[in-house]
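Chain letters run A, B, ... following the sequence lines, proteins first, then strands; residues in each count from 1. Reckoned from all heavy atoms, side chains included, excluding hydrogens, waters and symmetry mates.
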Amino acid sequence: MTQAIDNVALLPAYLAAGTAVLVLLADLLLPRLTYAAAALGTIGVGAAAIWVGTLGTRQTFCLADGCSFVADDTGALIAVVFSALTLGVIGLSVPALRAPDGPPRGEYLFLLACSLAGGVVLGYARDLITIVVALETLTLPLYALVGFRRRAVASAEASVDFLVVSVVSSAVTLMGAALLYALTGTVHLTKLREALSGPATDGGPQGVDTSLPLVSVAAVLVLVGIAFKIAAVPFHAWAPATYEGAPLPVAAYLSTASKVGGVIALLAVALGGLRPILDGTAGVLFAVVAVATMTVGNLAALRQTRMVRLLAFSSIAQAGYLLAPLGVFVYATGNIGDTANTVMTAVLAYTVFYVLLEITVFGVLIAVRGGAQGGPISEYAGLARRSPILAGVFVLALAGLAGLPPGLAGLFAKVTVVDALLKGNAVWIAVAVAVNAVIGLVYYVRVASVVVRGGTPEQAARVPWPVGLVLAAATIAALVAGVAPQWVLAAVG
Amino acid sequence: MNALLIAVVAVPALGAGAAAVLGYLKKERAAAIAGTAFAALGLVLAALLALDHSGAPWSRVRTEWVPLLHLDFDLGVDGVSYPLVVLSGLLTLLCCAFTVWKKTDRPHLLIALLLIVDAGMLGVFLSLNLVLFFVFFEVVLLPMFAIIAGWGGANRRHAAVKFALYTLLGSLLLLVGIFVVVTGAETGDIIAITASGGGGLSRNTQLLAFVLLAVGLAIKAPLWPLHSWLPDAHTEAPTVGSVILAGVLLKMGTYGLIRVAVGVAPEGASRAALVLGVLAVVAILVAGLVCLAQTELKRLIAYSSVGHMGFVLLGIATLTPAGLTAALLGNIAHGLITGLLFFLAGAVKDRAHTGELARLGGLREVAPGLSGLLGFTALASLGLPGLAGFWGEAFAVYAAIQRHQALWTVLAVLAAIGAALAAAYLLRMLRLVTHGGTGEAVAAIARPGLARYEWASYTPLAAGALVLGLAPFLVQAPIAEAVTGILQAVAR
């Protein structure tokens, strides 16, 4: 059977893969242009995604069951988010790549571009297999990137940790996908949704008896595998060691782009394919995982003395807030479609707000530390005297992660989540989010106080311009998202 | 008038920006003075809001902000909020001026933070949208934390963190309560929800909303047993921090209870009123007893705040026009009097380098001016008729008796006993501080006289306490009118 392939729809993915090749060639032939190739290629991917987005919904790789690749507005938005994040991380990588024992530039940027290709495809993927492959393409280069600090044992250990956990989680997801295929005979999300809606009434495909235990097992396996990628409890243990061992810009990528990938996959599978079986039980599962994730992340973060480990636990806690809206399925009755839309909007909006703040935090770390690792928190004392602007941005972003003004983006992130939870009558989850936000404030405030304490007004090291540019852009984006959150909500809605 | 409403909130915020920028350019003196000038302009603009007081609310400005979250930029002023708006402007100006003239570390930063707190408080008092109310409520938290942690006493870090955590817990419960209402009523418009008697929420949902809102706001007020952050914060905060904290910040809680909790969940309020009343009376009595045993000046005043706010909460709990009016009068009086008490306690501590009552004593011999002012303020605080403190407390007790129910009468009697306790502990404080033999710390005072800037900061508050005591009708009439609007749904 031949398939018509819509090459226009695939353009962003082609460009992402092309960028990877271009970077390798540039590093070989014109080493001075490696950065330019990586940056321009990434910008090209974003531009192409926007252009394709304006053409309306286009689909390709279609079978009778449905299409595997659908270029719609959401997909375009995700591709733009990934290319913006990749571009940001390229800028933030400059000091690490300049360091004497830093990673090799060409390979590093090549791997980053490969990961971007995975992210771009993920946004457009509409069947379980494509989703898993895209997610793996996004993650696979990261094993190498995490281990790129030469002569650093921690880096190698982090890489192995990450590799093992990630491979296991992918295997679990694939197992679940295989079971779902065995049950329903399809991997396409739309078809899966029909099949799981129970025995067909309109002569459609054969329905599946959703009371079968196997259905639940399959669904749980798929979701658990994806939960690994988001570092949700109880699959969170890899994150702190991996973040701490990786070069700083790679940690930034892990806590933003990689997490976005997990969220997208989770939403696509849970709300796209498995929607009919999202009942009370699934809701309880999500609610428990979300509350456990935020609580464990926050409590563990309280005890951290190293900056990156603290941020790793903080990002685990943030994953908990992010998953919380899915808990409303506990009380979902009647028209699940409205609930699903509210949840989708809330989770995506939270993700966008969070990513903006997180990349800003890492931007400041890199501006302060250069090519070095994050180090202990105490080494940041006196930053406010040395470089008041960096300290101001840092406090702004930390306040945002705590959900407080002046970090209005973070405030609206929390408000969005609470709003979604109360639309679904899940008052207790909202109270859990509230209590956790209070615990979170303890360590965010501790870090912020260290920054403004002590120090002498000595000259701070110069910040390389790409880092400064990325940091400025991220800060402005976070501020704009805080003042005009309706733009974010409209974009993801 | 619309531009004026926005300017009232924007001017302090701009002042904070101006002070921060000038400070960054190393022009610290100019930054401090510019900040104070903005505070003065803010007070003038706030006062002008009363020019047009015909409508209900007097004036209002609204534009959509985030429709998906029912968040509108919706500001308005009426008799309930106007006195508090002017009070915030006045206290902020006095604190800024005080900071300019008193030797302070990094005065421009302190002034910038005071102005942000001011902008946040004004936003809280002027918000007519629930979500906007929450946003402004949160604006205040970090700057106030920084004021305590940056300029406070020896144990400031602990006190500041405690303040921040309690307050954040309160405001997040408030957030949950607000969204219980907003998702049910499908609007965030406080006036509209109040007018419809709770936006069509069921009785039980209203009770849930009221409990969440009331607990959240009671932490700020603070209501016993959620008050334990307050004494620490006050003891450690710098003088201006204590003044703002006691003078206006606590009022965000009581104002919120009236405008938001009672306003949007009237049925919930009437079902929970008795519990609130009992807690308020417990607060009055506990605070009175604790004050009798206090050994530190600022801590004593802090606990006395808990007692005074107990009267305010008792007034609110009665859910009668008289009670709510008493509560709002008590709010203003407490803002003026306790603000002044903290200024004076700061003056004593600056001179004697201690607030330990045992080491003070005989202040009237050494510093008659300071001592006289302290005596006047203590009398105002214990509710002497003719001074501001009297009206709020007397009317709260009166309103409780007017409920004509045995339990409320018991509460009224107990509250009256609490008022007697207040007289006892304040007179004890005067005996220990101003009278008696000269304490060692007082004997060591080098410059007993009050500086000109100190007189300038204290006089407006003392004058206000006197004027409000002699002519309470100045604020009582507009308050009573606005309060009936809020209580319409309760009466139904």
Original post:
So which part of B/A149 gets closer than 4.5 Å to some heavy atom of chain A, the side chain, the backbone, both or neither?
Top reply: neither

Subject >> Minimum heavy-atom distance between A/P485 and B/V66, given as atom pair plus value >> reply: CG-CG2, 3.4 Å

**OP:** Output the distance between atom CG (A/L441) and atom CZ (B/F145), rounded to the nearest 0.5 Å.
**Re:** 7.5 Å

Subject >> Over 12 foreign heavy atoms within 6.0 Å of CG, A/D73 >> reply: no

**OP:** Over all heavy atoms of both residues, which pair between B/L175 and A/V415 is shortest? Give the atoms and the distance, please.
**Re:** CD1-CG2, 3.9 Å

Original post:
Contact part of B/V140 toward chain A, heavy-atom cut-off under 4.5 Å: side chain, backbone, both or neither?
Top reply: neither

Subject >> Check: A/F412 and B/L71 side chains under 4.5 Å, non-hydrogen atoms >> reply: yes

Original post:
Ignoring hydrogens and geometry, is there a side-chain-to-backbone donor-acceptor pair from B/W65 to A/A484 under 3.5 Å?
Top reply: no

Original post:
Is there a side-chain contact between B/E138 and A/L411, using heavy atoms and a 4.5 Å cut-off?
Top reply: yes

**OP:** Answer yes or no: is there a side-chain heavy-atom contact under 4.5 Å between B/L142 and A/P406?
**Re:** yes

**OP:** Check each atom of B/I178 against the heavy atoms of chain A and say whether the ones under 4.5 Å are side chain, backbone, both or neither.
**Re:** neither

Original post:
Is it the backbone or the side chain of A/V442 that comes under 4.5 Å from a heavy atom of chain B, or both, or neither?
Top reply: both

Original post:
Measuring heavy-atom distances to chain B, does A/S449 have an atom under 4.5 Å in its side chain, in its backbone, in both, or in neither?
Top reply: side chain

Subject >> Proximity breakdown for A/L408 and chain B, heavy-atom pairs closer than 4.5 Å >> reply: side chain

**OP:** Output the distance between atom CD (B/E186) and atom NZ (A/K423), rounded to the nearest 0.5 Å.
**Re:** 8.5 Å

**OP:** Please round to the nearest 0.5 Å and tell me the distance separating atom OG1 of A/T416 and atom CG of B/L69.
**Re:** 5.0 Å

**OP:** Take atom CH2 of A/W428 as the centre, draw a 6.0 Å sphere, and report whether it contains more than 12 heavy atoms from other residues, nucleotides or ligands.
**Re:** yes

Original post:
Between atom CG of A/N425 and atom OG1 of B/T205, what is the distance when rounded to the nearest 0.5 Å?
Top reply: 8.0 Å

Subject >> Separation between CG of B/L68 and CG of A/D419, rounded to the nearest 0.5 Å >> reply: 8.0 Å

Original post:
Can you name the nearest heavy-atom pair linking A/L422 to B/T183, along with the distance?
Top reply: O-OG1, 4.0 Å

Original post:
Any idea which heavy atoms bring A/V427 and B/V176 closest together, and the distance?
Top reply: CG1-CG1, 4.3 Å

Subject >> Any B/F179 side-chain heavy atom under 4.5 Å of A/L421 side chain >> reply: no

